[in-house]
Protein chains: 2
Amino acid sequence: MSTRRFPTRDELRIWRDYLETGDLVRASLAARLQRSSGLSPGDYAVLLALSEAPGGRMRSSTLAETIGWERSRVSHHLGRMEKRDLIRRENCTTDNRGAEVVLAPAGQAAFQEATRPHLRDIREIFVDALTPEQLAAAGEIAAALRAQLAHPTAPRGLA
Amino acid sequence: MSTRRFPTRDELRIWRDYLETGDLVRASLAARLQRSSGLSPGDYAVLLALSEAPGGRMRSSTLAETIGWERSRVSHHLGRMEKRDLIRRENCTTDNRGAEVVLAPAGQAAFQEATRPHLRDIREIFVDALTPEQLAAAGEIAAALRAQLAHPTAPRGLA
DNA sequence: TCAATCTGATTGACGTGTCAATTATGCCCG
DNA sequence: CGGGCATAATTGACACGTCAATCAGATTGA
């Protein structure tokens with residue numbers, strides 16, 4: 001009985017629609033963000049974290065944890081952002097291995113420029129598109145999918 | 001009145017959950033596919049299209065249309081797949097500009113190896129995670145979001 | 001003290017995606 | 001015919017992501 005049938009045509013269509021639509025939404029928001037501020041979603045995430053940190057500065061590893069990225073990803077992204085003067089990197093005084101990421105003026109400006117239009121876009125593209133019931137359902141669906149990922153029906157050696 | 005408020009904290013949480021969960025699902029499926037067959041989702045999409053084409057061959061531009069990719073993306077991906085002997089490229093006899101993409105034996109084998117586990121994974125990770133109502137709601141949410149993307153509340157010069 | 005080890009961060013190789021430019025061929029019309 | 005334009009596909013430059021390897025500075029334990 002654990003061997004149920006393959007997904008039906010309808011189920012496959014919904015699955016595909018679900019994922020592809022998520023991508024479209026993401027892409028549309030990213031395009032608007034880029035147009036309004038020159039920032040990528042990654043840039044925005046970094047600047048948001050920094051702007052909420054005291055002094056606009058943060059240890060690189062703390063940043064990684066805050067936005068949920070791998071450390072090497074952070075390193076690469078900071079390298080690109082540093083070239084554009086959005087952030088600076090300084091040596092950490094309390095731990096010579098460490099690096100501190102500092103919000104640069106251009107970064108702060110771009111972030112402030114970006115925030116309001118970005119929030120408005122999220123409302124327009126996502127929130128306004130759905131009825132309150134659909135919005136709630138979206139949250140429940142996400143939760144159900146996460147639960148399934150955390151506890152797969154048939155463990156296959158994947159975390 | 002067209003200037004409604006920014007999204008609430010809850011709305012933002014749902015929005016973020018929705019997109020991030022989609023990514024997690026995608027990543028989990030991709031990891032399983034990779035493990036079971038050595039194929040990436042892109043590889044799978046290409047091989048699926050080819051395996052459904054008569055003779056396992058297809059014009060490169062037709063392939064692009066079929067799977068909804070940009071042509072340059074197809075070119076790059078085919079280059080990588082060709083190096084792994086999953087496909088071959090031949091000159092098109094009817095149009096000397098054109099290229100025909102041909103399913104290679106290794107590609108056919110990998111695809112057949114991949115299909116059943118992949119469909120089962122989709123069922124386990126996505127379909128089985130949701131109640132029938134949630135599945136239906138997921139379809140409706142995707143449709144609503146697409147409709148919104150096609151007809152933005154406040155056009156901002158974006159297609 | 002100082003060697004083994006742990007940890008913070010960077011780096012390099014590579015897959016993947018976009019955009020703009022390029023190449024080569026087909027095609028149409030004066 | 002032949003110049004001009006459309007089309008097929010590739011290419012190059014770059015952003016972004018992962019993984020594995022590396023490097024330097026902390027830590028700690030005989």
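Chain A is the first sequence line, chain B the second, and so forth, proteins listed ahead of strands; every chain is numbered from 1.
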Spacing between A:L78 atom CG and C:dT11 atom P, to the nearest angstrom: 11 Å

Lys/Arg N to Asp/Glu carboxylate O, B:D43 vs B:R80, below 4.0 Å: no

Sub-4.0 Å heavy-atom contacts from residues 60-73 of chain B onto DNA chain D, ordered by number: B:S60, B:S61, B:R71, B:S72

Sugar-phosphate only, base, or nothing, as touched by A:R89 at under 4.0 Å among non-hydrogen atoms: sugar-phosphate

Atom pair distance, as rounded to whole Å: CD in B:E82 and C1' in C:dT16: 18 Å

Residue pairs fulfilling salt bridge (charged side-chain N to carboxylate O under 4.0 Å, His left out) with at least one residue in residues 130-143 of chain A, sequence neighbours excluded: none

Rounded distance in Å - CZ (A:R26) to C1' (D:dA15): 16 Å

Passing option when B:E100 is tested against B:R88, B:R57, B:R59 for side chain to side chain donor-acceptor pair (under 3.5 Å): B:R57

Within the sub-3.5 Å range, which N or O atoms of nucleotides 26-29 of chain C have a protein N or O partner, and how far apart are they?
{"from": "C:dG26", "atom 1": "OP1", "to": "B:N96", "atom 2": "N", "distance (Å)": "3.3"}
{"from": "C:dG26", "atom 1": "OP1", "to": "B:N96", "atom 2": "ND2", "distance (Å)": "3.2"}

Nucleotide D:dG17, atom P - distance to CG of A:D23 in whole Å: 13 Å

Nucleotide nearest A:H76 when distance is taken to its side chain, options D:dT10, C:dA13, D:dC16: C:dA13

Residue B:E113 excluded, over 12 heavy atoms near CD under 6.0 Å: no

Option from A:L149, A:L19, A:I14 for which side chain to side chain contact (heavy atoms under 4.5 Å, CB included) with B:F126 holds: A:I14

For atom CG of A:L86 and atom C1' of D:dC16, their distance in whole Å: 15 Å

Sugar-phosphate only, base, or nothing, as touched by A:H77 at under 4.0 Å among non-hydrogen atoms: sugar-phosphate

A:R84, CZ atom: more than 12 neighbouring heavy atoms under 6.0 Å: yes

Which nucleotide in D:dT10, D:dC16, C:dA9 has an atom nearest any side-chain atom of A:R59: C:dA9

Closest contact, heavy atoms only, A:A49 versus A:T66: CB-CG2, 4.1 Å

